[in-house]
Amino acid sequence: MRLSIEHANRQLIIEKLVSMLDDNPFDEVDGSWAQEQAAAALANLAQDSSDNRLSIVDAGGIEPLLALLGGSARAKENAVNAITQLAYKSHAIQQRIADAGGVPLIANVLVSTCSNSKEMMGAVQLVNNTLRAVAQLCEGNRTNQSAMSDANVIPALITVLSSPIAEMQANAAMALASIARNHADIQTAVARTGAIAPLCGLVKDGSDEV
């Protein structure tokens, strides 16, 4: 009985948070803040359990989270983190995100942020979150691997490899591994963009994680 009550309460919380993603559409200050906080809370819930991830998807959380990728920097950070957590080890949810147009939207966040080195270094958390999202969406998913490659994300990943920040280097390498794993065409594309030399350099000189 207690578990049933807890499950029902969690469902209500998730549904309320998803509804908050669309709250106050004409209030740019309070509305944006509410959306940012709701996305952060959903990311935490999604990280907790697969049941929560399914509940968020069933509550219609994917589309409004993706819509936040056009919002404030903090909204983007939190929404990308939530998308990453939702996609964790779930081909079905990866596909739901892709069907909602998530792959090119995630790729665009990374490509646009990394197009200017100064902007990239001013948005470290957003870049790291987006790199993890790329890795998670492509993990074991050949369709998403191809879609990410078609969205021109590989040059952006290689740009991040040259960052002086070890966490960014590690996340970029992880994303490259995920997008290229067991995909010969993308492996060739990665090699053609000149990624092999910087990757070898990081093996030699990078931190243990990198």
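Starting from 1, each residue takes its place in the sequence as its number. Small disclaimer: the values here were computed from a predicted structure and weren't measured.
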Is the shortest heavy-atom distance from the side chain of [X] to the side chain of [Y] under 4.5 Å?
{"X": "Asp48", "Y": "Asn44", "value": "no"}
{"X": "Leu54", "Y": "Ile93", "value": "yes"}
{"X": "Leu86", "Y": "Arg96", "value": "no"}
{"X": "Leu69", "Y": "Ile83", "value": "no"}
{"X": "Val160", "Y": "Ile165", "value": "no"}
{"X": "Ile13", "Y": "Leu17", "value": "yes"}
{"X": "Ile154", "Y": "Ile179", "value": "yes"}
{"X": "Asn78", "Y": "Gln35", "value": "no"}

Test side-chain contact (heavy atoms from CB on, under 4.5 Å) applied to Ile56 and Gln85, step by step
CA-CA 11 Å; Ile56 293 167; Gln85 303 303 331; over 6 Å; no

Do you know which two heavy atoms are closest between [X] and [Y], and how far apart they sit?
{"X": "Ala82", "Y": "Ala39", "result": "CB-O, 3.9 Å"}
{"X": "Pro104", "Y": "Ala151", "result": "CA-CB, 4.4 Å"}
{"X": "Met20", "Y": "Ala38", "result": "CB-CB, 3.8 Å"}
{"X": "Ala180", "Y": "Gln187", "result": "O-NE2, 3.1 Å"}
{"X": "Leu21", "Y": "Leu42", "result": "CD1-CD1, 3.8 Å"}
{"X": "Leu161", "Y": "Ala173", "result": "CD2-N, 3.9 Å"}

How would you list all residue pairs meeting salt bridge (charged side-chain N to carboxylate O under 4.0 Å, His left out) that involve residues 194-208, not counting sequence neighbours?
none

For residues 167-177, which residue pairs pass the salt bridge (charged side-chain N to carboxylate O under 4.0 Å, His left out) check, not counting sequence neighbours?
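Residue pairs passing salt bridge (charged side-chain N to carboxylate O under 4.0 Å, His left out), neighbours aside: Arg132-Glu167.
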
More than 12 heavy atoms of other groups within 6.0 Å of Asp99 CG:
yes

I'd like to know whether CD of Glu119 has more than 12 heavy-atom contacts from other residues, nucleotides or ligands below 6.0 angstrom.
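Atom CD in Glu119 is packed in, count exceeds 12.
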
Kindly say whether [Y] contributes a backbone atom to a donor-acceptor pair with the side chain of [X] at under 3.5 angstrom?
{"X": "Ser19", "Y": "Lys16", "answer": "yes"}
{"X": "Ser163", "Y": "Thr159", "answer": "no"}
{"X": "Ser112", "Y": "Val109", "answer": "yes"}
{"X": "Thr84", "Y": "Val80", "answer": "yes"}

Given Thr130, which of Asn128, Leu126, Val127 fulfils the side-chain contact (heavy atoms from CB on, under 4.5 Å) condition?
Leu126

Tell me which one of Ile186, Asp185, Val103 satisfies side-chain contact (heavy atoms from CB on, under 4.5 Å) with Gln145.
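The single option meeting the side-chain contact (heavy atoms from CB on, under 4.5 Å) with Gln145 is Ile186.
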
If Ile, Leu, Val, Met, Phe, Trp and Tyr residues are connected whenever their side-chain heavy atoms lie under 4.5 Å apart, and connections chain through other members, are [X] and [Y] in the same group?
{"X": "Leu176", "Y": "Val111", "answer": "no"}
{"X": "Leu202", "Y": "Leu131", "answer": "yes"}
{"X": "Ile158", "Y": "Val153", "answer": "yes"}

Taking atom [atom1] of [X] and atom [atom2] of [Y], what is their separation to the nearest 0.5 Å?
{"X": "Leu105", "Y": "Leu68", "atom1": "CG", "atom2": "CG", "value": "11.5 Å"}
{"X": "Gln136", "Y": "Asn141", "atom1": "CD", "atom2": "CG", "value": "10.5 Å"}
{"X": "Ser149", "Y": "His183", "atom1": "OG", "atom2": "NE2", "value": "7.0 Å"}
{"X": "Lys89", "Y": "Arg53", "atom1": "NZ", "atom2": "CZ", "value": "9.5 Å"}

Test log, rule side chain to side chain donor-acceptor pair (under 3.5 Å), inputs Glu77 and Asn81:
CA-CA 6 Å; Glu77 287 178 15; Asn81 188 29; over 6 Å; no

Decide side-chain contact (heavy atoms from CB on, under 4.5 Å) for Leu110 and Leu157; before the verdict, give the C-alpha distance in whole Å, the side-chain angles of both, and the deciding distance to 0.1 Å.
CA-CA 8 Å; Leu110 186 65; Leu157 296 176; 3.6 Å; yes

Run the side chain to side chain donor-acceptor pair (under 3.5 Å) check on Gln94 and Ser90 step by step: do they pass?
CA-CA 6 Å; Gln94 289 172 357; Ser90 174; over 6 Å; no

With Arg181 via salt bridge (Lys or Arg N to Asp or Glu O under 4.0 Å) - residues at least two apart:
Glu139

